[in-house]
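Basis for what follows: all heavy atoms, side chains included, without hydrogens, waters or symmetry-related copies.
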Amino acid sequence: MKLRLGMIGGGQGSFIGGVHRMAASLDGLYELVAGAFSSNPDTSRATGQELGLAPDRVYGSYQELLEQEAQRPEAERVQVISIVTPNHLHFAPAKMALEHGFDVVLDKPMTFSLAEAKELRTVVETTGRRLCLTHTYTGYPMLKEAKQLVADGVLGTIRKVYIEYPQGWLSTYEEGGANKQAAWRTDPARSGAAGAMGDIGTHAFNLLEYVSGLEVTQLCADINVVVPGRQLDDDGAVLLKLANGASGVLVATQVAAGEENNLRVRLYGEKGGLDWQQADNNTLLVKWLDKPTEIRQTGASYLSPLALHNSRIPAGHPEGYLEAFANLYRNFALTLIADLGGPAAPAEAADYPGVEDGVRGMGFIESVIASGKSEQKWTPLSC
């Protein structure tokens, strides 16, 4: 069974639109049948033509897409809407899609503000539809293995967490030229209250809570604008207090010249620790207090069912970013297919980010910016 997919955004020149389409197609569980790929109708039509869609399923606006698809026969209309627009265009199409009876895959951060995120949560609850938020990194098999080890108590009580996401692509004033990605990500009107902390800091925050199984309760932030003329933060560091009393450090910067996307998480309990980084994403180091470090690899038979469910190929064959992204789409699809009367979904398929992750992510953004501006540095994380 294939789910019929419609896309909002992701037109010509979009990076993330192509990633979503590749991820959705990897397991053969979706078929892209409709789209409103740009606010410019000509661009939307051109993108639809490139993708081989029927001309009458390519729309000039997301409102047209949702209204007209909802009127099609049930056996023909789209079932899932993928929204890959800039941040300020997340809430309205997501709300409308849910209210028109569609399930939603939504790029992060979930909304433009915490108030919008809370309202969208209410819409999800009221409509009974499902929402998947694409925090990509939670799809990596070895991060799922890390999550399971922590949940099983193998490391004992968690005491310390470090997470860092260094990038260097905004080390110069990229938004002053023709770089569309830089332009909207550094524009408060389109990105929201945060720059680096919204773009990559939310990924780090989500991953910290995902692996540790603990919620952040307080934070103390140092937020910086390094490149002259930039309107939003491009660098920051945050001290964290977790629900069990553990402490953490989160660093997110886009001015670390020479860095690409080497997201890294280190977590330490009473008995040992974990170390994972995206540059070597098929490897998880498990460090022990009183014995040698273990090296665990993607696809190996000794891994947990959660990690193995999210692995596609035998050990020794590298999996990466697109496969992690695809795991979110696959787990969401398996859940939706079960809802539609198809085969029961395995328990592991429920492990995808949802609306609560989105609300907490927006709470993180607003709390970090408030702490960065305040003289009273320790700030409760309010969601």
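- Taking each heavy atom of L5 and A24 in turn, the nearest pair found is CD2-CB, 3.9 Å.
- At distances below 3.5 Å, not a single donor-acceptor pair connects side-chain atoms of S374 with backbone N or O atoms of G372.
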Inset, instruction - Give the intermediate values and the outcome of salt bridge (charged side-chain N to carboxylate O under 4.0 Å, His left out) for residues D235 and R230. - result: CA-CA 11 Å; D235 172 77; R230 183 158 289 155; over 6 Å; no
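- For the residue pair G272 and L155, the shortest heavy atom distance occurs at C-CD2, 3.8 Å.
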Inset, instruction - Walk me through it: do D222 and K377 pass the test salt bridge (charged side-chain N to carboxylate O under 4.0 Å, His left out)? - result: CA-CA 9 Å; D222 175 41; K377 300 307 293 181; over 6 Å; no
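- You'll find the side chain of N331 reaches within 4.5 Å of the side chain of H309, heavy atoms only.
- Taking 4.5 Å as the limit, every side-chain heavy atom of T298 sits out of range of all side-chain heavy atoms of N281.
- The backbone N or O of E319 sits less than 3.5 Å from a side-chain atom of N282, completing a donor-acceptor pair.
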Inset, instruction - Check step by step if side-chain contact (heavy atoms from CB on, under 4.5 Å) holds for V359 and M110. - result: CA-CA 7 Å; V359 172; M110 189 165 75; 4.0 Å; yes
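- The aromatic rings of Y165 and Y137 stand perpendicular to each other, their planes meeting at an angle above 60°, with 30° marking the opposite boundary.
- For residues 108-118, there are no side-chain hydrogen bond (donor to acceptor under 3.5 Å, both in side chains) pairs, not counting sequence neighbours.
- Within a 6.0 Å radius of CD1 in I295, no more than 12 heavy atoms belonging to other residues, nucleotides or ligands are found.
- The backbone N or O of V154 sits nowhere less than 3.5 Å from a side-chain atom of D152 that would complete a donor-acceptor pair.
- Not one N or O on the side chain of W288 forms a donor-acceptor pair closer than 3.5 Å with the backbone of K271.
- The shortest distance between side-chain heavy atoms of I365 and M197 does not fall below 4.5 Å.
- We find that D103 and R129 are joined by a salt bridge, their nearest charged nitrogen and carboxylate oxygen being less than 4.0 Å apart.
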Inset, instruction - Go through L322 and V19 one step at a time and tell me if the side-chain contact (heavy atoms from CB on, under 4.5 Å) criterion holds. - result: CA-CA 7 Å; L322 287 175; V19 170; 4.0 Å; yes
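- Within the 4.5 Å cutoff, side-chain heavy atoms of N179 are placed close to those of W169.
- With salt bridges taken as basic N to acidic carboxylate O contacts below 4.0 Å, none links E175 and R185.
- A donor-acceptor contact closer than 3.5 angstrom is absent between the side chains of Q12 and T47.
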Inset, instruction - Starting from the C-alpha separation in whole Å, work towards a yes-or-no answer on side-chain contact (heavy atoms from CB on, under 4.5 Å) for L143 and T138. - result: CA-CA 6 Å; L143 284 174; T138 63; over 6 Å; no
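- Taking the side chain as every heavy atom from C-beta outward, K147 and Y210 approach each other to under 4.5 Å.
- Checked options R45, E64, E67, E69; the residue passing with Y59 is E69 (criterion: side chain to side chain donor-acceptor pair (under 3.5 Å)).
- Side-chain atoms of L131 and L106, non-hydrogen and from C-beta on, do get closer than 4.5 Å to each other.
- A salt bridge links R360 with E215: the closest approach of a Lys/Arg side-chain nitrogen to an acidic carboxylate oxygen falls below 4.0 angstrom.
- Q231 contributes no side-chain N or O that, together with a main-chain N or O of D187, makes up a donor-acceptor pair within less than 3.5 Å.
- Using cut-offs of 30° and 60° for the angle between ring planes, the F325 and Y321 rings count as perpendicular.
- E99 places no side-chain N or O within 3.5 Å of a backbone atom of T127 that could act as its donor or acceptor partner.
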Legend entry - Full working for side-chain contact (heavy atoms from CB on, under 4.5 Å) between L219 and F364: CA-CA 9 Å; L219 54 81; F364 168 76; 4.1 Å; yes
Inset, instruction - Decide side chain to side chain donor-acceptor pair (under 3.5 Å) for Q297 and T283; before the verdict, give the C-alpha distance in whole Å, the side-chain angles of both, and the deciding distance to 0.1 Å. - result: CA-CA 5 Å; Q297 298 289 151; T283 299; 3.0 Å; yes
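- Side-chain contact between I8 and L89 is absent, with no heavy-atom pair separated by less than 4.5 Å.
- Checking Q277 against N262 by side-chain atom types alone, a donor-acceptor pair falls below 3.5 Å.
- Here the side chain of Y352 pairs no donor or acceptor atom with the backbone of T134 at under 3.5 angstrom.
- Under a 3.5 Å cut-off, the side chain of N224 and the backbone N or O of V226 do not form any donor-acceptor pair.
- Remark: the backbone N or O of K241 is paired with a side-chain donor or acceptor of T217 at under 3.5 angstrom.
- No donor-acceptor distance shorter than 3.5 angstrom exists from the side chain of R130 to the backbone of T335, with no hydrogens or angles considered.
- Taking NE2 from H90 and OG1 from T85, the interatomic distance works out to 4.0 Å, rounded to the nearest 0.5 Å.
- Counting only heavy atoms from C-beta outward, the side chains of P343 and I337 approach each other to under 4.5 Å.
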